[in-house]
Amino acid sequence: MQLGTQRGRRFLVLSPADNVATLLDEDAGIAHLSDGMTIADKVPFGHKVSLRAIAIGEAVVKYGIKIGVATHPIEQGEHVHVHNCE
């Protein structure tokens with residue numbers, strides 16, 4: 001996918017098992033990742049966005065490790081934090 005001159009947000013995914021990506025920059029107004037996937041805007045540096053839909057009760061996996069469970073349905077690209085994960 002080409003993004004032209006518009007930059008996407010930098011992110012980190014360490015494991016194929018990850019269903020979230022960690023954002024690595026401060027460009028919170030940009031609503032897509034550097035690979036072109038659309039994400040929620042205004043997600044702060046260091047926070048997570050979902051790489052795919054995550055169902056209620058499903059594990060949230062970061063760096064190959066379960067870090068929590070979805071308490072609400074999480075759509076692809078949505079901010080993943082305490083409001084939808086515990």
Side-chain angles (χ1 to χ4, degrees):
M1 170 180 282
Q2 282 191 316
L3 298 176
T5 58
Q6 188 176 18
R7 287 187 9 229
R9 301 228 22 210
R10 293 180 311 134
F11 64 97
L12 180 63
V13 175
L14 290 183
S15 169
D18 291 355
N19 58 10
V20 296
T22 303
L23 297 178
L24 299 176
D25 58 41
E26 299 284 344
D27 295 330
I30 298 175
H32 62 272
L33 297 178
S34 58
D35 70 356
M37 188 181 96
T38 300
I39 64 169
D41 63 351
K42 309 229 184 312
V43 180
F45 166 82
H47 283 238
K48 299 167 295 301
V49 293
S50 59
L51 295 171
R52 60 171 180 76
I54 303 171
I56 294 174
E58 187 177 348
V60 174
V61 181
K62 175 180 171 181
Y63 308 151
I65 299 168
K66 177 183 172 183
I67 61 164
V69 175
T71 57
H72 294 80
I74 303 171
E75 297 299 321
Q76 181 181 18
E78 189 174 342
H79 184 193
V80 178
H81 200 52
V82 297
H83 66 283
N84 56 13
C85 174
E86 63 179 25

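No hydrogens, no waters, no symmetry mates; every other heavy atom, side chains included, goes into these values.
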List, by chain and then residue number, the residues other than I74 in its hydrophobic cluster (Ile/Leu/Val/Met/Phe/Trp/Tyr, side-chain heavy atoms under 4.5 Å); write none if there are no others. V20, I54, V60, I67, V80
Under 4.5 Å side-chain linkage, directly or through intermediates, the cluster mates of L24: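 Its cluster mates, by chain and number, are L12, L14, Y63.
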Atom pair [atom1] ([X]) and [atom2] ([Y]), whose distance is rounded to the nearest 0.5 Å:
X   : Y   : atom1 : atom2 : value
R7  : I30 : CZ    : CD1   : 5.0 Å
N19 : K62 : CG    : NZ    : 12.0 Å
D27 : H32 : CG    : NE2   : 10.0 Å

Applying salt bridge (Lys or Arg N to Asp or Glu O under 4.0 Å), can you list everything that pairs with R52, at least two apart in sequence or on another chain? E58
Considering residues at least two apart in sequence or located in another chain, which fulfil the salt bridge (Lys or Arg N to Asp or Glu O under 4.0 Å) criterion with D41?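 Once residues adjacent in sequence are excluded, D41 has no partner under the salt bridge (Lys or Arg N to Asp or Glu O under 4.0 Å) criterion.
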Please identify which of these residues, K48, K42, H47, meets the side-chain hydrogen bond (donor to acceptor under 3.5 Å, both in side chains) condition with H79.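 Of the listed options, the one satisfying the test is H47.
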If you take all heavy atoms of [X] and [Y], which pair is closest and at what distance?
X   : Y   : result
E26 : F45 : OE2-CB, 3.4 Å
A70 : A55 : CB-O, 3.3 Å
M37 : L51 : SD-O, 3.9 Å
S34 : R10 : OG-CA, 4.4 Å

Examine V13 and V61 and state if one hydrophobic cluster contains both, with Ile, Leu, Val, Met, Phe, Trp and Tyr joined whenever side-chain heavy atoms are less than 4.5 Å apart.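 No.
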Just wondering, do L23 and F11 contact through their side chains at under 4.5 Å, heavy atoms?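 Yes, their side chains come closer than 4.5 Å.
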Can you pull the salt bridge (charged side-chain N to carboxylate O under 4.0 Å, His left out) pairs that have at least one residue in residues 68-83, sequence neighbours excluded?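 Pairs touching residues 68-83 that pass the test: none.
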Among all residues two or more places apart in sequence or in another chain, which pass the side-chain contact (heavy atoms from CB on, under 4.5 Å) test with S15?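 By the side-chain contact (heavy atoms from CB on, under 4.5 Å) rule, S15 matches A17, D18.
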Worked verdict on V49 versus R9 for side chain to side chain contact (heavy atoms under 4.5 Å, CB included): CA-CA 11 Å; V49 293; R9 301 228 22 210; over 6 Å; no
